[in-house]
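Working notes for the structure below.
For this chain, numbers begin at 1 and follow the sequence in order. Both ligands and their constituent atoms are indexed starting at 1 by order of listing. As a basis for the values below, the full set of heavy atoms in this structure was taken, side chains included, without hydrogen atoms, waters or symmetry mates.
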Amino acid sequence: MESRIGRKLIIIAIDGPAASGKSTTARILAGRLGYTYIDTGAMYRAVTLRVIGAGLLDELRRDDSKVSGLLHDLIIEFRGDRVFLDGEDVSEAIRENSVSREVSFISSLKPVRDRLKELQQQMGAARGIVMDGRDIGTVVFPDAELKIFLVADPRERARRRHAELSLKGGCPGIPTVKDLEEEIRKRDRDDEERTHAPLKRHPEAVMVDTSKMTIEEQVGLVYDLAMQIVGQ
Ligand code: DC
């Protein structure tokens with residue numbers, strides 16, 4: 001498939017652990033290439049919000065097969081920077097702590113992964129997308145022309161998250177860098193050790209360690225790799 005200006009349209013899969021710079025890199029890169037950015041973490045967060053909203057969290061801990069009933073009529077859309085669940089803008093709600101605490105559990109459930117994989121494959125079918133997550137290069141689009149695996153030192157990731165939270169201004173409630181590092185290490189373990197679609201690097205994925213890189217450098221590196229594939 002080709003774009004209007006004759007360039008080949010590709011799929012760029014960006015995977016990596018929490019706070020490694022995936023979404024910032026993916027968003028800017030998509031803008032530069034004129035591609036659509038799809039944040040699959042936001043999709044797992046939206047499902048988690050739906051579960052919490054339906055009051056089903058405790059029941060799912062006892063019997064997780066009940067989650068299937070919540071998935072068949074699920075509608076998740078991206079409009080610009082905003083995320084919509086069943087037509088409602090949930091962009092802020094999905095970032096709340098109540099959702100962050102439970103999203104690892106919800107994203108470990110097979111019916112959830114199967115349904116979101118299906119939706120993600122539909123969203124990317126026209127190609128010309130940058131999709132970020134944990135299993136995009138390994139499971140959702142193993143045929144993606146460019147696969148990137150972003151990593152960064154856990155302490156550095158905690159510092160970045162802290163700076164991000166401080167900028168948002170919730171001063172008294174912000175966890176310390178040390179607490180954030182603990183949280184990040186725990187999420188890494190949960191994501192790497194789960195049975196279904198664990199976080200791991202596809203053998204073809206280009207590993208990029210962003211610990212000492214600026215955003216501009218990260219984006220530049222991936223952009224150059226993409227241009228080698230689509231042509232100048
Ligand atoms: O990228 P994020 O922190 O917003 O992701 C939220 C959670 O969703 C994270 O704990 C892992 C999970 N996730 C996943 O399992 N697979 C993906 N493709 C994306 C996110």
Would you call [X] and [Y] a side-chain contact if the rule is heavy atoms closer than 4.5 Å?
X    : Y    : value
P175 : L165 : yes
V51  : L49  : no
M123 : I129 : no

Using only heavy-atom distances, determine whether the side chains of T48 and E102 contain a donor-acceptor pair under 3.5 Å.
->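 Note: T48 and E102 side chains miss the donor-acceptor criterion.
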
Looking only at heavy atoms, what is the nearest atom pair of G137 and H202, with distance?
->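 In terms of heavy atoms, the two residues are closest at O-CD2, 3.3 Å.
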
Shell of residues surrounding ligand 1, defined by a 4.0 angstrom heavy-atom cut-off that is strict |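 Ligand 1 pocket, heavy atoms under 4.0 Å: T40, G41, Y44, R45, R95, V103, S104, S107, R113, G133, R134, D135, I136, R187, D191, R194.
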
Distance-only check: which donor-acceptor pairs under 3.5 Å involve side-chain atoms of residues 205-213, not counting sequence neighbours?
residue, atom, partner, partner atom, Å
D209, OD1, S211, N, 2.9
D209, OD1, S211, OG, 2.7
T210, OG1, S20, O, 3.2
T210, OG1, V151, O, 3.4
T210, OG1, R160, NH1, 3.2
T210, OG1, R160, NH2, 3.4
S211, OG, D153, N, 2.9

